[in-house]
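One structure below.
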Amino acid sequence: MRKYKIGVIGCGYWGPNLIRNFLQSPSVKQVACHDINAERLERMKVLFPSAETYSSYDKFMQSDVDAVAVATPVSFHYQIAKDALEHGKHVLIEKPITKTSKEALELIRLAEKNGKQLMVDHTYEYSPSVRKIRELVEKGELGNIFNISVVRVNLGLFQKDVDVIWDLVPHDISIFRFVLNKEPFSVRAFAESHILPGKYDTAYVLIKYPDNITAHLQISWLNPKKIREMTIIGNKKMLVYDDVNASEKIKIYDKSVDIGNNKEPIHTYYEKGGAFQFLYRSGDIHIPKLDEKEPLKGACDHFIDCIESGKKPLTDGYSGYKVMLVLEAIQESLNRNGDEVLLK
Ligand SMILES: NC(=O)c1ccc[n+]([C@@H]2O[C@H](COP(=O)([O-])OP(=O)(O)OC[C@H]3O[C@@H](n4cnc5c(N)ncnc54)[C@H](O)[C@@H]3O)[C@@H](O)[C@H]2O)c1
C-alpha cells in the first residue's frame, strides 16, 4: 500500500485532532499543516514536532501533499477546497461542507472532473455508538420509529462566522440520515439571539420524515451543562444515546405502550360503560458493549482507505450537499417566522 502525505489547513480547535489522527495512521508518511495565524503554526511545531509547517498558503497548495483536510471556519471551506482540488489534491472537508448548497454542488462536480475524492467529516457517522444505533434500527430492534428528540447544548463555543444552527445541527441531520436511511421532507425552526444581535445562540427545530417520523432538536450555546442526548422512540423499544457518558452511551429500554385489540375509537368504550385499557410494557434495560475507536480516527482512516481504493466515501460530497439543503430550509423557515418549509 502507498503511503500518503496529508495536509491540514486550519489549526485552531479541531485541526490538531486531524493532525494527531493522521500522524497515527500507518498509511500516512507525513503530515503538513498551514494556518493563517503564525502563533497557531508555532503551537503546532510544539505539539507535533514531526509535522511540516507552511506559513505560505500558495507553497502549501503547490507542495507534494496528496490530500488536504480543511478545518478553517466555514466561510473559507469552499475556496480552500476548490484550490486544493484544482491543485490535484483529494479533499476532506469539515462540516458543514460549505455556506451554500450551490457551492457544495460546484465542489462535487470539480472533484468528479478531476478524479479526486471529496469527503465531508460528518464525524458521528464513524462513531461506534451511532453505528450501533443504525444496526439496531435496521434490524427492527426498536420496531417502527415514531420520533427522535435531541438535546445538544453547552456553554459556547460561539463561532465567529456561523450561528448555533450551522455549527451544531449538521451533526444531527447527518446522524438522522445515517440511522433512518431516509431524507426529510419538511422543516420548521424557531431561534433566538440573546448575546449577540443577529447571531442565533438558541434554536428549536422540527424535521419531518416519511412514514410519520418526526425529529425535534433543542440546540444552544447557552447552557451550563454539556448535554448530547438523543432519544429514539419505537413501537417496540426505546433508546437513549448519551454521548457525554463515557461508559454507558446507549441504553435500550424494553418499554412500550399498546392498545392490544382495542382498535375502536376510545369514546365508544366509555359509551358502552367500559374502560379503555392502555397496555404498558416495562422490561429490562440493555446497555450494549461498544468498540472504543475514536470517531475522528474512523473518519481519517476511511478517507485514506477511499483514496487508496478509489471507492466512494460514506460521507461523500453529496451527503454534505444533502445536509446543506436541510440547513438552507431551516434558514428559510426562520426567515418566514417558523413556517413549514418543504425540502426541494
Ligand atoms: N467534526 C466535528 O465534530 C467538528 C468539531 C469542531 C469543529 N468542526 C469544524 O472544524 C472547522 C474549524 O472549527 P474550529 O472550532 O477548529 O475553529 P477555530 O476558529 O478554533 O480554528 C480555525 C483555524 O483556522 C485558521 N484560519 C482561518 N482562516 C484561515 C485561512 N483562510 N487559511 C488558513 N487558516 C485559517 C484560524 O487561524 C484558526 O486557527 C469548522 O468547519 C467547524 O465546523 C468540526
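All residue numbers refer to positions in the sequence shown, counting from 1. Ligands are counted one by one from 1 in listed order, and the atoms in each one are counted from 1 as well.
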Atoms in ligand 1 with a heavy atom of [X] nearer than 4.0 Å:
| X | value |
| --- | --- |
| Gln159 | 15 (O) |
| Arg40 | 39 (O) |
| Asn37 | 37 (O) |
| Ala71 | 11 (C), 12 (C), 22 (C) |
| His34 | 33 (C) |

Worksheet item: With sequence neighbours left out, what residues match Arg20 under salt bridge (Lys or Arg N to Asp or Glu O under 4.0 Å)?
Response: Glu294
Answer side chain, backbone, both or neither: which part of [X] comes under 4.0 Å from ligand 1, heavy atoms only.
| X | result |
| --- | --- |
| Lys160 | neither |
| His171 | side chain |
| Phe76 | side chain |
| Thr123 | side chain |

Discussion item. Quick test of your reading of the structure: of Val8, Asp35, Thr72, whose heavy atom lies closest to atom 25 (C) of ligand 1?
Written reply: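 Checking each option, the heavy atom nearest atom 25 (C) of ligand 1 is found in Asp35.
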Item to complete: Decide whether the shortest distance between a heavy atom of His77 and an atom of ligand 1 is less than 4.0 Å.
Response: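 Heavy atoms of His77 do come under 4.0 Å of ligand 1.
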Practice prompt. Using the six-membered ring of Phe190, assess whether NZ or CZ of Arg336 lies under 6.0 Å from its centre and within 45 degrees of the ring axis.
Written response: no
Item to complete: List the steps, then state whether side chain to side chain contact (heavy atoms under 4.5 Å, CB included) holds for Lys102 with Glu106.
Response: CA-CA 6 Å; Lys102 185 171 168 281; Glu106 279 180 35; 3.5 Å; yes
Worksheet item: Is Lys95 in polar range of ligand 1, meaning some N or O pair under 3.5 Å apart?
Response: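 Yes, at least one N or O pair falls under 3.5 Å.
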